[in-house]
Amino acid sequence: MNNWIKVMRKNKLFFKILMYFLCLLLPILVVGFIAYYNLLQWLGQDVSAKLVNNLTASSRKIDVNLEMAQYTQMNLLFNNAVQQNLQPYSEFVASNGRNLPELIRAIAYSRSIVSSYVDNMYLYMDDKRIYRSDGADDFNFFFNSVSRYEKYNASFWQNKLQAYQNFEVLEASDVSASGSDTSKKVVPILSAQYIEGHMAVLVSDLSVQAMAKQMKDNSLFPDTGFVITDQQGRLIVNTGLYTDTEINEITAGLTDDQPSTLKMKLQGQPSLVAHISSEAIGWSYYSITPESAYNHQASSVLGIVFWICLLLIVFGVILSFIFSVNLYNPIRNMRDVLIQSETTKFWDDELTGNELEAIGRGIRKLLETNDMANRKFSLFSSEFLDNAFTSLIRGVPLVHQESFYRMLNEVGFENGRYVCCCMLFQFRDAFYEEIQDTERFIILEKLKKVIWGVLQQHVTCYLIEYEHNAYVGIVKLEPSNDKSKLMKGLENIKQTFGYDVKYCDLMIGVGTDYSDIQDIVKSYNEAITAIGHKSNADFDDMVIMDAADLQIEHNYYYSFLEENKIISSLKFGDMELLEKSMEELIKMNKARGASHQYLDALLMELFSTGNRYLAGKKLDLHTFLSEKEHLTLTRKGLLPHEFDARVKLLLTFYKRIIGQTATKPERKTNQVVPLIVAYINEHYSENLYLEMIADEMGMSPKYISRIFKETTGQNLTDYISLTRINKAKQYLTETDLLIGDISSKVGIHSRSTFLRLFKKYEGITPMDYRITLEQESS
């Protein structure tokens, strides 16, 4: 114990330093606790936000399908086949049902459009006959045997013929067929319309199973359950088999129309409930996720935080001891020296507890002694000059210009003209196969010294290793001299490495000389451009290219027309045309003498064209490129031997875009026609024409016109006009808009054309049609 006390008294400064370092570990504990708490909060908020967003996306898909079903019903009721052929059963009997096939085809066609969400679609005008895609059935037989609803009997559907309601979403009900043990739960949606003075009712059964599958397929966690209720709070979907009490608890706890989440205990375990209200139909959507489904994620992240903090503390303690020892040893040695030189004074300070202050005075004396030497050393630091010249070459403004110019004077770079020469080595396979690793590393390390030594015999220069195996020499020419001495020095370098052609190629480029050192970036770009011209000429393996012998333009050509070629090739997936356009564009710019800097800029502009094309498609750039590829395509300072690799990567980028975005014309006819119909129904109020629709579908106008005629029996232009007239009839029925306003709303901007088309399809004028409706309603 006494020995430890003596050690501590003799080395109390060491223990002070150790305690100071250990105190620095306290923030780690504080930061760890803060990070732990904030991470818990963030994870909770993140999961809640993701669940709400996921539920929102799923609910919107269901809303869209419901709106599509409604839209399809209205289109069917206004379809020419229905308007002309649907009659009460007594009139069908009188006409021997000659028009029944056309009516059935119209129902089947509408049924196919919404088949993914609709289990059944049928139409009736009286209590005698039901018409559906499979044919016609007896009214009572259909509702009592074919499609027997648990909550709605035949009388219910018969009453719907008496009470006009344009659109209605009924309560979910099980439906089954006679003799079958299975049933399906559906949500009937009903549309009604007067046709030739008779009420027609169209019913579509939305599949509850399809809705539940939609919600489950899009869920973030497999254990998530879903509940959907309608505007009256009636249950539609229940994927989690929750009890009525639990469902009432869920709906009572989340009644706000805004998206929200709430924690509650369901089925014996804590759960996070998310809620969304549909803006379109007023349904309420709930997702119930057990906390256990996402707690393991939080536990793993929090465990990482804990172990990181623990490791930091352990390493901190170890490093604190090491640093304290390493810091105290020189201080102790210095203290011993000070004791020997100023024994009495220093010892008195130590006894009064001012050991560190006494040592500090000695250190300050040492610092004052060496301050001037350190400043001079920093001034001539090669690292500073390397960084400064590298910044100049890259066109980056200097931060410490005053220090830079002082250093230029010190190395003899004042009052001259400055030129840049670039030396690019390309080592052959023999260099790596025949020379051992140790010798190869020695050669590479001495390359810079050899080049610099040879060049300095002829001119004043400074050499930097700009990139791996690429060296840049900044040369000062005397005002009265030309580049002859420089060229002689470069010839000597060429001869020096001329014996090693088996192992490497050496390309040397020389730029134009400038009077201002700040213009060295121009000389560098000219030198690099000169090297780039080697591939276009028949030179040997060691070559010197002088920019003065070349026609170099400091710009590039990339017109709006050229950009349109690239975009058109991307749009139509013509990779061959795209490669040819790029090859011609690069070849043309090289022929015009574009500098390497501007060829680099041209490739970056071509990359920007692809990026803008993706932005127009609302696609994320990073799904087409890795981070490394993105850095390669956007990095400035391209070396000549990297040019072809970047062109290849750019073509790969374009190929990926074409693979995911290019218009693909090989579609089946039964897929194309519904797309055309949906497009017309969505854009009927716009200036629609055949070529526009063909361009949207990615097919030729003749092909579009032919398959539409073969499938529907109508010309495409006639169908567009008929759709517009049906929409106009709807406006005439439901609004008080003027005839001219209705004409504009349905996309027919000529009043005379509208009147002509309306009379063609309806046999009367729009005004007479409205008067007839008013008389019938009165």
Self-check item: Under the side chain to side chain donor-acceptor pair (under 3.5 Å) test, residues paired with D63 that sit two or more places apart
Solution: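 Side chain to side chain donor-acceptor pair (under 3.5 Å) check on D63 returns S278, Y285.
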
Could you tell me which residues satisfy salt bridge (charged side-chain N to carboxylate O under 4.0 Å, His left out) with [X], sequence neighbours excluded, listed by chain and number?
{"X": "D244", "result": "none"}
{"X": "D126", "result": "none"}
{"X": "K729", "result": "E762"}
{"X": "R60", "result": "none"}

We want to know whether [X] and [Y] form a side-chain donor-acceptor pair, criterion being a heavy-atom distance below 3.5 angstrom.
{"X": "Q70", "Y": "S191", "result": "no"}
{"X": "Q84", "Y": "N80", "result": "yes"}
{"X": "N726", "Y": "T723", "result": "no"}

Quiz item: Quick one: CG on L757 to CD1 on I725, what's the gap to the nearest 0.5 Å?
Solution: 5.5 Å

Practice problem: Establish, yes or no, whether a centroid distance under 6.0 Å links the rings of Y149 and W157. | Solution: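 Yes, they do, as the ring centres are separated by less than 6.0 Å.
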
Quiz prompt | Ring centres under 6.0 angstrom apart (F143, Y122) | solution = yes

Quiz item: So, S743 side chain and I739 main chain: donor-acceptor pair closer than 3.5 Å or not?
Solution: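 Not a single qualifying donor-acceptor pair exists.
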
Exercise. Step by step, work out the salt bridge (charged side-chain N to carboxylate O under 4.0 Å, His left out) result for D137 and R132.
Key: CA-CA 8 Å; D137 290 320; R132 53 195 181 103; 2.7 Å; yes

Compile the donor-acceptor pairs under 3.5 Å between side chains in residues 219-228 and protein atoms, sequence neighbours left out, one pair per line.
residue: S219; atom: OG; partner: K216; partner atom: O; Å: 2.8
residue: S219; atom: OG; partner: F221; partner atom: O; Å: 3.3
residue: T224; atom: OG1; partner: F221; partner atom: O; Å: 3.2
residue: T224; atom: OG1; partner: T289; partner atom: OG1; Å: 3.0

